[in-house]
2 protein chains.
Amino acid sequence: MPKNTFFNLPEEKRERIIEAALDEFAKNLYHNASITRIVDNSGIAKGSFYQYFEDKKDLFKYIVDLGGKKKTKYLEHVLTEIDNMNFFSLIRELFIAGIIFSKENPKLSNIGYNFANSTDEKLKQEIYGENVPKSNYMFKILLRKGIARGEINPDIDVGLVSQMITSLSISIIEYFFKEIRKTDDMEMLDLVDKMLFVLKNGIERN
Amino acid sequence: MPKNTFFNLPEEKRERIIEAALDEFAKNLYHNASITRIVDNSGIAKGSFYQYFEDKKDLFKYIVDLGGKKKTKYLEHVLTEIDNMNFFSLIRELFIAGIIFSKENPKLSNIGYNFANSTDEKLKQEIYGENVPKSNYMFKILLRKGIARGEINPDIDVGLVSQMITSLSISIIEYFFKEIRKTDDMEMLDLVDKMLFVLKNGIERN
DNA sequence: TCGTCATATGACTTTTAAGTCACATGACTA
DNA sequence: TAGTCATGTGACTTAAAAGTCATATGACGA
């Protein structure tokens with residue numbers, strides 16, 4: 001947790017520091033990111049930084065947490081509908097919310113994605129603590145509900161398929177940024193629907 | 001390219017250096033990996049290292065290339081069958097070959113995977129040069145052939161689906177290591193077939 | 001006006017890395 | 001045997017990072 005001094009700062013200054021940190025951590029993985037550069041780019045003194053944060057990890061955890069909370073905000077309205085919508089509609093809304101989050105918060109999204117994929121398990125433990133994000137787990141629950149309701153083929157391997165969907169949910173964001181970029185939202189919705197069609201029906205010609 | 005001195009080394013010593021480099025680069029991303037540790041762990045002097053390699057990048061490129069060539073060896077016998085096998089059999093063999101490569105070369109596989117996922121485009125350009133691996137592209141070709149042969153639903157978005165398959169081909173390796181680990185090969189084949197079933201038929205209950 | 005306290009500062013210390021270089025070694029040649 | 005050349009060496013140089021600390025500032029209350 002940042003120190004009180006950080007939260008006492010005038011908002012404009014706090015934003016400047018967060019912006020510089022987002023830039024730095026979006027461009028560099030944790031170990032390669034430089035506090036010196038963050039400090040230079042936000043126009044504060046090195047010493048001041050350590051008035052606001054315990055250390056580099058403290059800042060990084062703050063940023064990762066910001067991202068997690070913000071992403072949760074994008075997803076939560078979907079998850080309240082969990083008992084009112086069928087499986088594929090839920091997944092559709094989750095994918096869309098995920099894409100919009102990444103579109104509106106590209107740096108936060110990038111930082112979270114890179115960190116989640118990093119292999120430094122010790123650092124992950126320190127940063128995530130109890131809050132390890134497990135989208136796998138969420139999809140497992142949704143799949144089980146879907147099977148119970150008769151929407152999903154009960155013969156599937158739920159563990160494997162939830163991993164597949166997790167991986168597709170990331171993949172669609174990558175594809176979106178790589179191939180579509182400055183699109184109108186219609187194209188994005190079209191992409192999501194195409195992916196869901198494949199997930200529903202497969203690609204074999206019948 | 002390593003210098004001639006490196007290739008003139010007795011095999012045992014060369015292997016020691018490669019082993020130490022694999023360890024280091026598998027544990028740490030490029031920027032965080034330490035030549036000093038590689039040198040210590042392989043029992044050679046710092047100065048000797050620079051007799052063998054131009055610099056850190058030279059070694060890393062050599063290791064990444066090793067991985068690429070080795071992986072190609074695992075895949076190439078499948079690709080010679082491209083006109084004799086149907087789409088799903090080809091994909092099946094490619095997935096299996098990929099898993100076996102990762103199983104038999106976990107460090108090389110890890111290094112390649114992490115590097116391919118890294119965001120340092122400048123470094124990627126320097127390391128890959130012309131040889132940027134594009135498994136997407138391979139799947140695109142296979143999909144087009146599959147559509148031409150009437151095996152694949154012609155309405156799919158080939159670009160999107162090839163991205164999906166690329167992502168699944170990585171996902172299955174992750175799942176294999178996470179959930180199955182010390183398996184007999186039957187379990188692995190079962191996993192591949194389950195994933196392919198979903199890709200073929202989707203998960204919706206009919 | 002004076003004193004106090006939270007905040008601001010940047011030169012400094014320490015650590016760790018990549019890469020260099022003057023010199024050592026030892027096998028093979030004339 | 002003497003000389004040469006490829007190879008081996010580790011202390012050294014340079015660079016860049018995280019984190020520290022003695023000191024400065026300035027707002028506010030008495």
Side-chain angles (χ1 to χ4, degrees), chain A residues 1-21 23-64 115 118 120 122-123 126-127, chain B residues 1-18 20-64 115 118 120 122-123 126-127:
Chain A
M1 275 277 286
K3 300 178 185 175
N4 281 329
T5 46
F6 180 67
F7 296 109
N8 294 339
L9 248 32
E11 184 156 340
E12 184 273 326
K13 194 169 186 175
R14 215 162 55 226
E15 289 300 327
R16 243 164 53 216
I17 296 169
I18 292 175
E19 264 315 302
D23 282 345
E24 184 66 16
F25 286 122
K27 277 198 202 113
N28 306 282
L29 298 181
Y30 179 77
H31 292 290
N32 207 42
S34 156
I35 295 299
T36 305
R37 277 193 297 261
I38 292 174
V39 147
D40 288 351
N41 291 332
S42 56
I44 63 168
K46 195 68 161 303
S48 302
F49 178 86
Y50 288 92
Q51 302 268 31
Y52 309 145
F53 298 95
E54 295 296 338
D55 52 21
K56 184 179 178 175
K57 228 170 345 202
D58 190 25
L59 167 64
F60 188 62
K61 184 172 165 35
Y62 176 67
I63 296 290
V64 169
F115 183 60
S118 82
D120 188 337
K122 194 167 132 270
L123 183 65
E126 290 177 315
I127 297 297
Chain B
M1 275 277 286
K3 301 178 184 176
N4 281 329
T5 46
F6 179 67
F7 296 109
N8 294 339
L9 248 31
E11 185 156 339
E12 184 273 326
K13 194 169 185 175
R14 216 164 53 227
E15 289 299 327
R16 245 165 49 219
I17 295 169
I18 292 174
L22 289 179
D23 282 344
E24 185 66 16
F25 287 121
K27 278 197 201 112
N28 305 282
L29 298 181
Y30 178 76
H31 291 290
N32 208 41
S34 157
I35 295 300
T36 306
R37 278 194 296 263
I38 292 173
V39 147
D40 288 351
N41 290 333
S42 55
I44 63 168
K46 194 65 160 307
S48 300
F49 178 86
Y50 286 92
Q51 302 268 31
Y52 309 146
F53 299 94
E54 294 296 338
D55 52 23
K56 184 179 177 176
K57 227 168 350 201
D58 189 25
L59 167 64
F60 188 62
K61 183 170 165 40
Y62 176 67
I63 296 290
V64 169
F115 184 59
S118 83
D120 188 337
K122 193 167 132 269
L123 183 66
E126 289 176 318
I127 297 297

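Note that the structure is predicted; figures quoted are calculated from it, not measured. Reminder, nothing fancy here: chain letters follow the sequence lines and each chain counts from 1.
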A/Ile44 atom CD1 is separated from D/dA24 atom P, nearest whole Å, by 21 Å
B/S/- along nucleotides 12-26 of chain C (protein heavy atoms under 4.0 Å) is -----SBBBB-----
side-chain N/O B/Tyr52 vs D/dT7 OP1/OP2, d < 4.0 Å: no
* To do: Return yes if some donor-acceptor pair links the side-chain N/O of A/Lys61 with the main-chain N/O of A/Glu126 below 3.5 Å, else return no.
  => no
So, is A/Lys13 near the phosphate of C/dA8, with a side-chain N or O under 4.0 Å from OP1 or OP2? yes
B/Asn4 atom CG is separated from D/dC5 atom P, nearest whole Å, by 18 Å
Between CG of A/Asn8 and C1' of D/dC28 the distance, given in whole Å, is 16 Å
Report task. Would you check if B/Asn28 and B/Arg37 make a side-chain contact, meaning some heavy-atom pair closer than 4.5 Å? Result -> yes
A/Leu9 atom CG is separated from C/dA6 atom P, nearest whole Å, by 15 Å
Practice item. Could you label the plane-to-plane angle of the B/Tyr30 and B/Phe60 rings as parallel, tilted or perpendicular, counting under 30° as parallel and over 60° as perpendicular? Key: tilted
Check: In terms of ring plane angle, is the pair A/Phe6 and A/Tyr52 parallel, tilted or perpendicular, where the classes change at 30° and 60°?
Finding: tilted
>> Would you call the rings of A/Tyr62 and A/Phe7 parallel, tilted or perpendicular, taking 30° and 60° as the class edges?
In response: perpendicular
Taken to the nearest whole Å, CZ/A/Phe7 to P/C/dT7 is 13 Å
Within the structure provided, determine whether B/Ile17 and B/Ile44 are in side-chain contact (heavy-atom separation under 4.5 Å).
yes
note: A/Lys3, atom NZ; C/dC5, atom C1'; distance rounded to Å ~ 16 Å
### Message
Heavy atoms only, 4.0 Å cut-off, all strands: where does B/Phe6 land among base, sugar-phosphate and nothing?
### Response
nothing
